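See below for the structure under consideration.
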Amino acid sequence: LSRLAGVAARLDGFLPARRRRRSTDKWRAWLLLLPTLGLLIAMSIYPLLYAGFLSLQIRNMFSPRAAHFGGLANYMELVRDSYFWRSVELTLVFSITVVSLQIVLGFVLALILSRVRKLSDLLCTLIILPVFVSPIAMGLTWRFMFEPTTGVINWILAQLGLPTSLWLSGTRMALPGIMIADTWQWTPFVAMILLAALRAIPPEIIEAARIDRLSLAQMLHRIIVPMLWPVLVVVVLIRLVDSIRIFDLVYVMTRGGPGTSTLVASVYNYTIFQSGRIGIMAAFGFLMLVFINVLVAAVLRLLARLERRDRRAMAI
Amino acid sequence: MSNHRYGLMLPISITRRQLLGGSSAAVAASLVGFAPTRGRAAMSGTANVFCSAGQRWELPQRAVLPLFSKAFPNIKINLQPVPHGEAVTKIMVSMSSKTDAYDVVFTDNGQWPALNAMGAMTELGPFMDKDPPWRDDYLADVPPAIANLYRVPAKTQAPLYGLTPDGNAQIAFYRTDLFQQKGMKLPETWPEVIDAAKELTDKAKGQYGFISTMRRGIFAGWQFWAVMASYGGSWFDKEETGGWRPQFATDPGYQALQTLLKLMPYAHPVTLNATDDEANSALADGSAVYGPIEWGTAVLNDSKFTKFADVIRADITPRGETAKGRHAPLMGGLGMFIPSWSKNKDAAWEWIKWCNSGDMTNPAIGEAWVKNSGQPARVSLLNKYTSIRPYFAGLSKAYPHAVPYMATIPEAQTIAELIGNETSSALTAEKSIEAALKGMDEGVTHIMSDSGYYH
């Protein structure tokens, strides 16, 4: 880098002062950008392009010599694959359900915490703990807790006289089981962010609402939610993208089964990778990239529209 | 008993000539005797060993390591265990990258064809030939059907790329006390298994007469394939040019799925999401009492893990009741190879030889291996330690009948995964038996076509 800077300085000597200064700035800017650009190209752009190349190849990791160009064959195979559509459907169901649950529960939790005066810091610290647990460790723990004959969940249900369930070993309750685990882990994250946003609302606004004798529901609808919108949009986006990409928890708890009852997109793609079909895996990755981008854009647009509507309502 | 053992106790007289002759002989003998030790001491380096974590693979290696370090003080063995479920994928990716990070890889025999296709393995023949008595002892003790899994192609006389200190075959685990209580004998055929499972199931007591590792993917795939093999089925019409047509939508395939479906009402609740961990736990805690197709494990004969250790016994897996029916437990096991890119092959070989030596190099090695959850491929060790590991008797019985758990082609892993997924769909009634078998045939045809088998 110092050599490059030396060359840049020598080149400057041939230029008029003003142009020289502009040119030096330009060089410096490029020099400063170079490491980041290099990293970006090496870690992001090149792998993306290579994945694009792989997605056009018929290539099995276990028989590399048979690799050949396949055009769009991998994409066509995915489009015709019923498991692919099943995984997309399950991913949507999972993401929409857990994000909705986490936003609602997180919001309620944040509201409760915002009213707690004593020990609120300690409570916040305790509540945020699940976020720091490794998903693998958490998945294994939940797997044992959901075990149908020896697990603690069924034991508690039985003690309460409630019906027990097969949980992860049955097709009906496997996905809800994973949703419970995911909600347990990520609701505190949502709650903490919303709590920070709640605490940032100027107290005089809340005071004014109380003087105007607004009910809690009115206060939520007219004041709190509209003022939380920017934060809510960010939280929903983070959780939505995270839940669409969910992998570790599902993989550890059910590996996509029984049958296809928890076969979310990332897990299905990983099983394709495990079976060595890296061409199809890359094509799957590209389709998911497009899908996530379209979905995020749609959600952003929807949230922006709702925000505008609420702000208008608040202005009235 | 010969007298020479008491030689020092006998009154003897020695002439000076005899004394000098004896001393020279002793010096010569000691020089010869110590020569290998000097060679061992001179050998140096670090061997990084990739292996699956925990019982059977990591723990026995840790147990024999102190003995090795004493014999080879200048060789450092660095064990690098990974979770067993991830080991296959991890090593395939590592070997694709031609890494020199590992000097010994202890992995599944099903990977041998694919690893060989990558040029990832060092031929062990020249290493074996350096010590003919050791080589002959190993090849005489490990059944050829098992030793050949580590050759490519898997035939005697083909180049040897790995040695196996870890034999395995599917066996039936059962509770002798309950079978005796009910006056039942161990089922021989699948219809008998269904009857026994029904008889042994008592849901009110939380007792189930059938358990199996039916988790989606390869776990379910192996179980389906085991039952299909016992009905005389095979993956392909013929494994040569002009063949390679999948044979899942056939009578054996249908009978296998139908049998498994008939067993579902008596299956332990964890069955459809079970790997070996869950199945072994269920047998250990007594909620499952009969697993007709389980992989070998020491934990069920270990009183530290189960209070039923004294009554859990193992035997050969059932056979199909049809004319083509046979006992066909799948043969598993892991072997050790030296990656082509290893920079310390001599040290790596010494470690492989040590782990595979049984009683040949030092009986303490075999003992440490077995007592620390090892499951040897050497028949001499199985027979020697049946008293402390009763399930070894089941393994000894299974080995002669066992069939490779995957076809010996690079695509086997992909196919096992696919048939497992279809099996899981059939067992959860997402698909009919016919649709699942058709899905297997179509999927496998596609894979084989992509790999150029039909050109």
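Quick note on labels: first sequence line is chain A, next is B, and so on, each numbered from 1. Side chains are part of it too, since the values below use all heavy atoms of this structure and drop only hydrogens, waters and symmetry mates. It should be emphasised that the depicted structure is a prediction, and the values quoted were computed from it without experimental measurement.
For the set A:G279, A:G257, A:S169, A:A174, the count of heavy-atom pairs under 4.5 angstrom toward chain B peaks at A:S169. Looking only at heavy-atom pairs under 4.5 Å with chain A, the residue among B:K431, B:E278, B:M118 that has the most is B:E278. For chain A, the option among B:G217, B:P269, B:S96 with the highest count of heavy-atom pairs below 4.5 Å is B:P269. Comparing B:S287, B:P410, B:G420 by heavy-atom pairs within less than 4.5 Å of chain A, the highest count is held by B:P410.
Within the structure, side-chain hydrogen bond (donor to acceptor under 3.5 Å, both in side chains) contacts touching residues 212-222 of chain B (residues at least two apart or in different chains) are B:S212-B:Q223, B:T213-B:Q223, B:R215-B:N273, B:R216-B:N421.
Of the atoms belonging to A:R255, heavy atoms from both backbone and side chain fall under 4.5 Å from chain B. For A:Y251, the parts lying under 4.5 angstrom from a heavy atom of chain B are both the backbone and the side chain. With a 4.5 Å cut-off on non-hydrogen atoms, A:L166 touches chain B through its side chain but not through its backbone. Within the 4.5 angstrom heavy-atom criterion, no atom of B:Y453 approaches chain A. Only the side chain of B:E86 comes within contact range of chain A, with heavy atoms under 4.5 Å apart. Heavy-atom distances place no part of A:V267 under 4.5 Å from chain B, backbone and side chain included. For B:S425, the parts sitting under 4.5 Å from any heavy atom of chain A are the backbone and the side chain alike. For A:R86, the part sitting under 4.5 Å from any heavy atom of chain B is the side chain, from C-beta outward, and nothing else. With a 4.5 Å cut-off on non-hydrogen atoms, B:T423 does not touch chain A at all. Both the backbone and the side chain of B:D450 come within contact range of chain A, with heavy atoms under 4.5 Å apart. Neither the backbone nor the side chain of A:I272 has a heavy atom closer than 4.5 Å to any heavy atom of chain B.
A pairwise comparison of heavy atoms in B:S451 and A:A66 identifies O-CB, 3.5 Å as the closest pair.
Residues of residues 142-154 of chain A lying under 4.5 angstrom from chain B, judged on non-hydrogen atoms, are A:R143, A:E147, A:P148, A:T149, A:T150 in numerical order.
No side-chain donor from either of A:T171 and B:E430 sits under 3.5 Å from a side-chain acceptor of the other.
Note: B:I447 CD1 to A:I58 CD1 = 12.0 Å, rounded to the nearest 0.5 Å. Here A:T254 contributes atom OG1 and B:L272 contributes atom CG; the two are 12.0 Å apart, rounded to the nearest 0.5 Å. Rounded to the nearest 0.5 angstrom, A:I280 CD1 and B:T414 OG1 are separated by 10.5 Å. Put simply, CZ on A:R277 and NE2 on B:H446 are 5.5 Å apart, with the number rounded to the nearest 0.5 Å.
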